[in-house]
Amino acid sequence: MKIFAIGLGPGDPAYLAPRARLAISESQVVVGYTGYMGMVADLVEGKECISTGMRGEAARCQSAIEEALKGKLVSVICSGDAGIYGMASLLYELAAQHPEIEIEVVPGITAAASAAAILGSPLTNDFAVISLSDLLTPWAVIEKRLRACSQGDLVICLYNPQSKKRNDHLKRACAIVLEHQPGQTNCGYVRNAYRAEGSQSQICTLDELSRAEVDMFTTVIIGNSGTRVINNKLVTVRGYAV
Ligand code: SAH
């Protein structure tokens, strides 16, 4: 009995890991959010597909477990990496009573790596990843983490910078970072990195970022004291003597 937890990468099939491709093609059942099924349409054709809306994560994992218990080989697919704000941990939790089910996490290229590559090389030194989604993490905890990271002069990569309910999360996050970092700090954001729709990216200052309009398909990178703009690319220098 086996479930693959598969990260598809950013979306473009060129960035789908060969191991992920093989695992999906070997699976009898593929479980995932409808939008992600489309990314691997050629691979899932003819297979049993289980997809529900965005908020049915637990229900999706539960059905993956049920199918695995029937003896079927199952793939649960997520964007980016399955273990980074993905469904891998939920699968482990929900399958805790079923040690007979083997769970294999197949890593994928996470949004931070995709966005960083498009912007230049902003994650070359110590960095932190924070999700601004307060659906599962209280906003006060998110604020505490933002404060600690900016105090520590870490580059900060923000996932879920925009929620459906509130549109001021990024503005509030920037205000916290501005307590410790200057408004001229170099930043950038990327929408739809390596997706068929085409990506959009922008390099800006922290002041500008606090006024930027972003959506839930965007990853934001807030630079630190070592982040520069070199020939229109966002680069965090490591300190080599050049
Ligand atoms: N497991 C995923 C993250 C899911 S959380 C991963 O490892 O990448 C969803 C957030 O990821 C989005 O709100 C956005 O911030 C980011 N994201 C996912 N795909 C993206 C893409 N193609 N371009 C930019 N940001 C993306």
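Counting starts at 1 for both ligands and their atoms, in listed order. As a basis for the values below, the full set of heavy atoms in this structure was taken, side chains included, without hydrogen atoms, waters or symmetry mates.
Residue-ligand proximity, Pro161 to ligand 1, at heavy-atom distances under 4.0 Å covers atoms 15 (O). Contact atoms of ligand 1 toward Thr110: 6 (C), 7 (O), 8 (O) (distance under 4.0 Å to a heavy atom of the residue). Atom numbering of ligand 1 starts at 1 in the shown order; those under 4.0 Å from a heavy atom of Met216 are 12 (C), 13 (O), 14 (C). Heavy-atom proximity to Ser79, at under 4.0 Å, picks out these atoms of ligand 1: 1 (N), 2 (C), 6 (C), 7 (O). Counting atoms of ligand 1 from 1 in the listed order, those under 4.0 Å from a heavy atom of Thr219 are 14 (C), 15 (O), 16 (C), 17 (N), 24 (C), 25 (N), 26 (C). Numbered from 1 in the order shown, with element, the atoms of ligand 1 that lie under 4.0 Å from a heavy atom of Asn192 read 22 (N), 23 (N), 24 (C). Applying the 4.0 Å criterion to heavy atoms of Val190 picks out, from ligand 1, the atoms 24 (C). Atom numbering of ligand 1 starts at 1 in the shown order; those under 4.0 Å from a heavy atom of Pro10 are 22 (N).
When Ile156, Ile130, Ile176, Val129 are each tested for a side chain to side chain contact (heavy atoms under 4.5 Å, CB included) with Arg145, only one passes: Ile130. When each of Glu66, Gln28, Glu67 is paired with Lys72, the side chain to side chain donor-acceptor pair (under 3.5 Å) condition holds for Glu67 and for no other.
A side-chain donor from one of Tyr159 and Thr110 sits under 3.5 Å from a side-chain acceptor of the other. Inspection of the Asn125 and Thr236 side chains reveals no N or O donor paired with an N or O acceptor under 3.5 Å.
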Practice task
Evaluate side-chain hydrogen bond (donor to acceptor under 3.5 Å, both in side chains) for Asn186 paired with Thr227, printing each intermediate quantity in order.
Solution key: CA-CA 6 Å; Asn186 292 307; Thr227 307; over 6 Å; no
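Among all non-hydrogen protein atoms, the one lying nearest atom 24 (C) of ligand 1 is Phe217 O, 3.2 Å. Nearest non-hydrogen protein atom to atom 23 (N) of ligand 1 is Ala193 N, 2.8 Å. For atom 19 (N) of ligand 1, the closest non-hydrogen atom on the protein side is Arg195 NH2, 3.3 Å. At the top of the distance list for atom 11 (O) of ligand 1, counting protein heavy atoms only, stands Tyr159 CD2, 3.5 Å. The protein heavy-atom contact nearest to atom 4 (C) of ligand 1 is Tyr85 O, 3.7 Å. Scanning the protein for heavy atoms near atom 1 (N) of ligand 1, the closest one is Ile84 O, 2.7 Å. Shortest contact from atom 10 (C) of ligand 1 to any protein heavy atom: Asn160 OD1, 3.7 Å. When only non-hydrogen protein atoms are considered, atom 14 (C) of ligand 1 lies nearest to Thr218 O, 3.4 Å.
The shortest N or O to N or O distance between Ile109 and ligand 1 is not under 3.5 Å. Taking any N or O of Arg191, backbone or side chain, none lies under 3.5 Å from an N or O belonging to ligand 1.
Between Arg19 and Glu104, at least one side-chain N (NZ, or NE/NH1/NH2) sits under 4.0 Å from a carboxylate O, which counts as a salt bridge.
Contacts with ligand 1 closer than 4.0 Å are made by no heavy atom of Tyr194, backbone or side chain.
Residue contact annotation: Gly83 has no non-hydrogen atom under 4.0 Å from ligand 1.
The heavy atom nearest to atom 17 (N) of ligand 1, considering only Ser201, Ala111, Ala88, is found in Ala111.
Residues Tyr36 and Ser51 form no side-chain contact, since every pair of their non-hydrogen atoms from C-beta on lies 4.5 Å or further apart.
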